[in-house]
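What's counted below: heavy atoms across the whole structure, side chains too, no hydrogens, waters or symmetry copies.
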Amino acid sequence: MPAPAGRARRVLAATAAAAVVGTLAVGMAVAAPSTTDAAPTLGQLAAAKGRYFGSATDNPTLTNAPYTAVLGGEFNQITVGNTQKWMYTEPSRGQFDYTQADRIVDFAQAHNQVVRGHTLVWHNQLPGWIDTVPAGELLGVVRNHIANVAGHYRGDVVHWDVVNEAFEEDGTRRQSVFQQKIGDGYIAEAFKAARAADPNAELYYNDYNIEGIGAKSDAVYNLVRSFKQQGIPIDGVGLQAHLVLGQVPSTLRQNIQRFADLGVDVAITELDIRMRTPRDATKDAQQAADYRAVTNACLAVTRCVGITVWDFSDGYSWIPSVFPGEGAALIYDENFGKKPAYWAVYEALGGTTTTTTTTTTTTTTTGGNGTGCTATYRVTGQWHGGYQAEVTVRNTATSATTGWAVRWTLAQGQTVGSLWNGVATTSGRDVTVRNADYNGRIAVGGTASFGFTGTSTGANPVPTITCATT
Ligand code: 9MR
């Protein structure tokens, strides 16, 4: 079979050399996302600990500017959430299509982020034609798929989730089409094919409900041990970590350690922690504690190389559509505001914050269209030399707003740096923030929020702010 053409090669570490602040245990350089803010990003904090902190992403969101600002700026790793799966990459037998996945890999490379490839062999999101392949041909089809897809991304992917979710909860093999038509050996064959296609990618087995010690993680443990004994290539185990509020397994660290002791790396690959919606302060606090526990468990084991959230914003999570009544599982809210869970990860990774929640509600002014609004300014985080704040605009009038503007005067030594969900102009120390083009309309009684980070050399006082509809 001819070698697949592959993408144009690009050496991440060389282009990002100036920004590299750490090196992973697995040997790849980790670039820190660039930032002009005083506050380090999760990617930068993780890199300083020789790890990555990343997010999954999917193609439809790549056109959403507020989304991509966070995706490109905050993380130093990306997982392709859907479009490297078989139904996208080989929609017809022998016909390969990398259009969509290439966009995500290009985005990651443009932002100095390493890529986890996901996934080569999985029972889900398969093209329909797979079911028609005669049993005697399926292993050849699997090998060809891996040779092409992993060959295409050779040099661009640091980890491959080679086989995904091959076990049932009781530790027996899932009766997938691969299990039924090829038999037990299909997993080893997939790993061998992946090593041949991309000798430098770390090869992972990835699954859910294997975060703690139990029948299912025991089965994965035994698989890895037997691969190591037989010399079948395997480099890592991915613990997906789709967790439930308050239920981080108590054996998580111990489980990571026992895999590490077999001589493989471990990654937290799809972290989210779901709750019954709506959120409230108590649930948010529990979720923050849970995220902190997961981060600490990974940091406690040298071979735990990184953490990936399964997308980062509650507005872009798979949870609500699959678990009705549940959601709010991620570290940013729907409007890209940082949740307590974000700050828990930030602190666990070594970032320093003081969780000030100073609030001031101020003047209502009436705009030209006869409607009014109030604005609430909240300091959501503070660290040496900097701060983050969130301003919420509430429509107090009897008709929807079409636009709004909030104004305040900076204290001596205060600046406004990067700002999201609004457009800022400054004149001396006077700041005006107007709505972005997508959040000018606020329904009666509704709210819109924007956030920003800034520097502060002094006491960082909360300003008096005014709000007007425009
Ligand atoms: O996030 C993915 C979602 O958009 C898809 O509809 C779904 C299809 O099963 O797959 C989701 O991602 C899954 C991942 O590939 C493997 N582990 C479980 C993830 C959540 O279902």
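Donor-acceptor pairing under 3.5 Å is recorded for the side chains of Asn206 and Thr269. Residues Glu347 and Tyr342 have side chains that never bring a donor and an acceptor to within less than 3.5 angstrom of each other. Counting only N and O atoms by type, the side chains of Thr83 and Asn59 include a donor and acceptor under 3.5 Å apart. In summary, the side chains of Asp58 and Asn82 do present a donor paired with an acceptor at a separation below 3.5 Å, with no hydrogens or angles considered. For the residue pair Asn148 / Asn144, a side-chain donor-acceptor distance below 3.5 Å is found, with atom types taken as modelled. Thr392 and Thr447 share no side-chain donor-acceptor pair at under 3.5 Å. The closest side-chain donor-acceptor pair between Trp318 and Asp272 falls under 3.5 angstrom. Between the side chains of His145 and Glu90, a donor-acceptor pair is found at a separation under 3.5 Å. In this structure, a donor-acceptor pair under 3.5 Å is present between the side chains of Asp102 and His152. With no hydrogens or angles considered, a side-chain donor-acceptor pair links Gln240 and Asn164 at under 3.5 Å. Donor-acceptor pairing under 3.5 Å is recorded for the side chains of Thr455 and Thr415.
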Check: After noting the C-alpha distance and the side-chain angles of Gln254 and Thr251, does the key distance pass the side chain to side chain contact (heavy atoms under 4.5 Å, CB included) rule?
Finding: CA-CA 5 Å; Gln254 191 188 341; Thr251 52; 3.7 Å; yes
Item checked: Steps toward salt bridge (charged side-chain N to carboxylate O under 4.0 Å, His left out) verdict (Arg258, Asp218) -> CA-CA 10 Å; Arg258 73 169 174 157; Asp218 285 352; 2.9 Å; yes
Item checked: Intermediate values then yes/no, side chain to side chain contact (heavy atoms under 4.5 Å, CB included), Trp160 and Glu202 -> CA-CA 6 Å; Trp160 263 115; Glu202 306 279 332; over 6 Å; no
Item checked: Working for salt bridge (charged side-chain N to carboxylate O under 4.0 Å, His left out), residues Arg116 and Asp161 -> CA-CA 8 Å; Arg116 295 195 83 255; Asp161 288 334; 2.8 Å; yes
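Of the listed residues (Trp310, Tyr67, Tyr332), just one forms a ring pair (Phe, Tyr, Trp, His ring centres under 6.0 Å) with Tyr316, and that residue is Tyr67.
A donor-acceptor pair under 3.5 Å is formed between the side chain of Asp280 and the backbone N or O of Lys283. Judged purely by atom type and a 3.5 angstrom limit, Asn222 has no side-chain atom pairing as donor or acceptor with the backbone of Ala219. In this structure a side-chain-to-backbone donor-acceptor pair under 3.5 Å is missing from Thr119 to Trp122. Side chain of Asn421 to main chain of Phe450: no donor-acceptor pair is present (N/O by atom type, distance under 3.5 Å, no hydrogens or angles). Remark: side-chain polar atoms of Gln84 are paired, donor with acceptor, to backbone N or O of His118 under 3.5 angstrom.
Taking the side chain as every heavy atom from C-beta outward, Pro127 and Gln95 never approach each other to under 4.5 Å.
Partners of Phe167 according to the ring-ring contact (aromatic ring centres under 6.0 Å, His included) rule, which considers only residues two or more places apart in sequence or in another chain, are Tyr205. Qualifying ring-ring contact (aromatic ring centres under 6.0 Å, His included) partners for Phe259, counting only residues two or more places apart in sequence or in other chains: Tyr221. Among residues two or more places apart in sequence or in another chain, the side chain to side chain contact (heavy atoms under 4.5 Å, CB included) test is passed with Ala424 by Leu419, Val433.
In this structure, Phe53 and Phe75 have parallel ring planes: the angle between them is below the 30° cut-off, well short of the 60° mark.
The cationic group of Lys181 does not satisfy the cation-pi geometry with Tyr186, failing either the under 6.0 Å distance to the six-membered ring centre or the 45° limit from the ring axis.
Rounding to the nearest 0.5 Å gives a distance of 9.5 Å between CD of Gln286 and CD of Gln247.
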